[in-house]
Amino acid sequence: MTMWSTGRWRQDDPLAALELPDVTNIRDLRDEVSRRTGREVILQPQEQAPSVCGACAVLEAVIYVFYDPRTSCLHQDQIIAHEFVHLFLGHHEARPLSALAPALITTMDPAIVQMMLGRTKYDDEEEHETELLASLLQRQIIDRWLRSDESSGDEVQDRVAHTLLRRREARP
């Protein structure tokens with residue numbers, strides 16, 4: 001059973017159906033993913049093959065969300081958002097073990113891995129919907145962060161972002 005269905009796309013705000021808490025950083029949704037899946041979520045930076053952006057390994061008691069640390073922080077957050085959306089939508093509940101599991105989880109016995117979600121192309125409806133929702137989620141989170149006083153940890157990024165926000169709000 002999934003936690004969301006395509007019938008909810010007709011809503012003005014497709015994210016509303018996910019009933020997510022208000023956060024100013026995608027990584028702050030990790031506890032919500034854990035609560036909904038009943039598994040600990042570990043964000044794991046790991047260099048990926050050139051054609052892979054991220055992956056999600058669902059084990060019995062833990063979920064590993066892999067992202068490439070060589071890419072920008074914004075891209076890392078988009079990868080994490082994409083994997084979280086897959087989990088919120090329940091896509092992990094009906095997937096077979098991927099061939100990527102042994103390559104990405106080299107320190108674990110592949111027999112204990114229930115599922116591996118690693119995508120290299122976006123040619124099916126599920127992937128398109130997931131990427132769209134992840135992009136909408138990231139936009140919502142970034143807009144919320146821009147309107148807060150919270151620091152990103154990067155002083156230059158904060159100054160540039162808040163300057164651009166002031167310019168956007170000043171437009172008629």
Side-chain angles (χ1 to χ4, degrees), residues 1-6 8-9 14-15 17-21 23-142 145 152-154 157:
M1 178 180 173
T2 62
M3 299 177 205
W4 189 83
S5 71
T6 54
R8 297 187 183 183
W9 277 108
L15 290 176
L18 294 177
E19 299 178 349
L20 299 174
V23 296
T24 55
N25 185 312
I26 189 64
R27 296 161 198 250
D28 294 338
L29 284 177
R30 182 174 52 186
D31 289 342
E32 184 66 13
V33 175
S34 291
R35 186 183 71 74
R36 293 188 188 189
T37 62
R39 296 172 173 99
E40 178 185 6
V41 175
I42 298 174
L43 298 176
Q44 184 67 47
Q46 182 168 335
E47 291 186 10
Q48 304 290 317
S51 62
V52 177
C53 294
C56 182
V58 179
L59 285 70
E60 188 173 324
V62 68
I63 297 172
Y64 288 91
V65 174
F66 298 98
Y67 61 92
D68 196 323
R70 298 172 297 181
T71 190
S72 70
C73 288
L74 185 61
H75 189 215
Q76 290 173 19
D77 286 350
Q78 182 65 25
I79 293 165
I80 293 167
H82 182 97
E83 300 304 333
F84 280 3
V85 168
H86 270 299
L87 294 164
F88 285 133
L89 298 180
H91 294 164
H92 63 289
E93 295 172 5
R95 290 275 182 120
L97 177 64
S98 166
L100 292 177
L104 291 174
I105 311 174
T106 57
T107 61
M108 298 175 206
D109 178 0
I112 68 168
V113 179
Q114 292 180 341
M115 172 215 262
M116 187 74 187
L117 294 174
R119 286 153 303 279
T120 59
K121 54 186 175 180
Y122 301 98
D123 59 356
D124 66 16
E125 186 176 340
E126 183 179 281
E127 283 300 316
H128 285 285
E129 289 176 349
T130 300
E131 189 61 22
L132 177 59
L133 281 174
S135 296
L136 291 171
L137 178 58
Q138 273 295 90
R139 179 179 178 180
Q140 183 181 76
I141 288 170
I142 290 168
W145 172 77
S152 71
D154 182 332
Q157 176 181 317

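Residue numbers start at 1 and run along the sequence shown.
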Smallest separation among heavy atoms of Thr71 and Asp68, with atom names: CG2-O, 3.0 Å
Least distance between heavy atoms, Pro69 atom then Gln76 atom: O-NE2, 3.3 Å
Interatomic spacing from OH in Tyr67 to CD in Gln44 - rounded to 0.5 Å: 8.0 Å
Side chain to side chain contact (heavy atoms under 4.5 Å, CB included) evaluation trace for Leu59 with Tyr64: CA-CA 8 Å; Leu59 285 70; Tyr64 288 91; 4.1 Å; yes
Whether Glu83 side chain and Phe66 backbone form a donor-acceptor pair below 3.5 Å: no
CG-CD1 distance between Leu74 and Ile26, expressed to the nearest 0.5 angstrom: 11.5 Å
Worked verdict on Leu20 versus Phe88 for side chain to side chain contact (heavy atoms under 4.5 Å, CB included): CA-CA 9 Å; Leu20 299 174; Phe88 285 133; 3.4 Å; yes
Verdict with reasoning, Leu133 to Leu89, per side chain to side chain contact (heavy atoms under 4.5 Å, CB included): CA-CA 10 Å; Leu133 281 174; Leu89 298 180; 4.1 Å; yes
Validation row: Thr37, Val58 side chains within 4.5 angstrom (heavy atoms): no
Glu127 versus His86, side-chain donor and acceptor atoms under 3.5 Å: yes
Leu137 side, atom CG; His82 side, atom NE2 - distance, nearest 0.5 Å: 12.5 Å
Trp145 side, atom CH2; Gln138 side, atom CD - distance, nearest 0.5 Å: 12.0 Å
Steps toward side chain to side chain contact (heavy atoms under 4.5 Å, CB included) verdict (His75, Ile79): CA-CA 6 Å; His75 189 215; Ile79 293 165; 3.9 Å; yes
Atom pair CG (Leu136) and CD1 (Ile141), whose distance is rounded to the nearest 0.5 Å: 11.0 Å
Within-4.5 Å side-chain heavy-atom neighbours: Val62 and Arg39: no
Any side-chain heavy-atom pair of Ile80 and Leu29 under 4.5 Å: no
Side-chain heavy atoms of Arg27 within contact of Arg30, under 4.5 Å: no
Backbone of Val41 reached by a side-chain donor or acceptor of Ser34 within 3.5 Å: yes
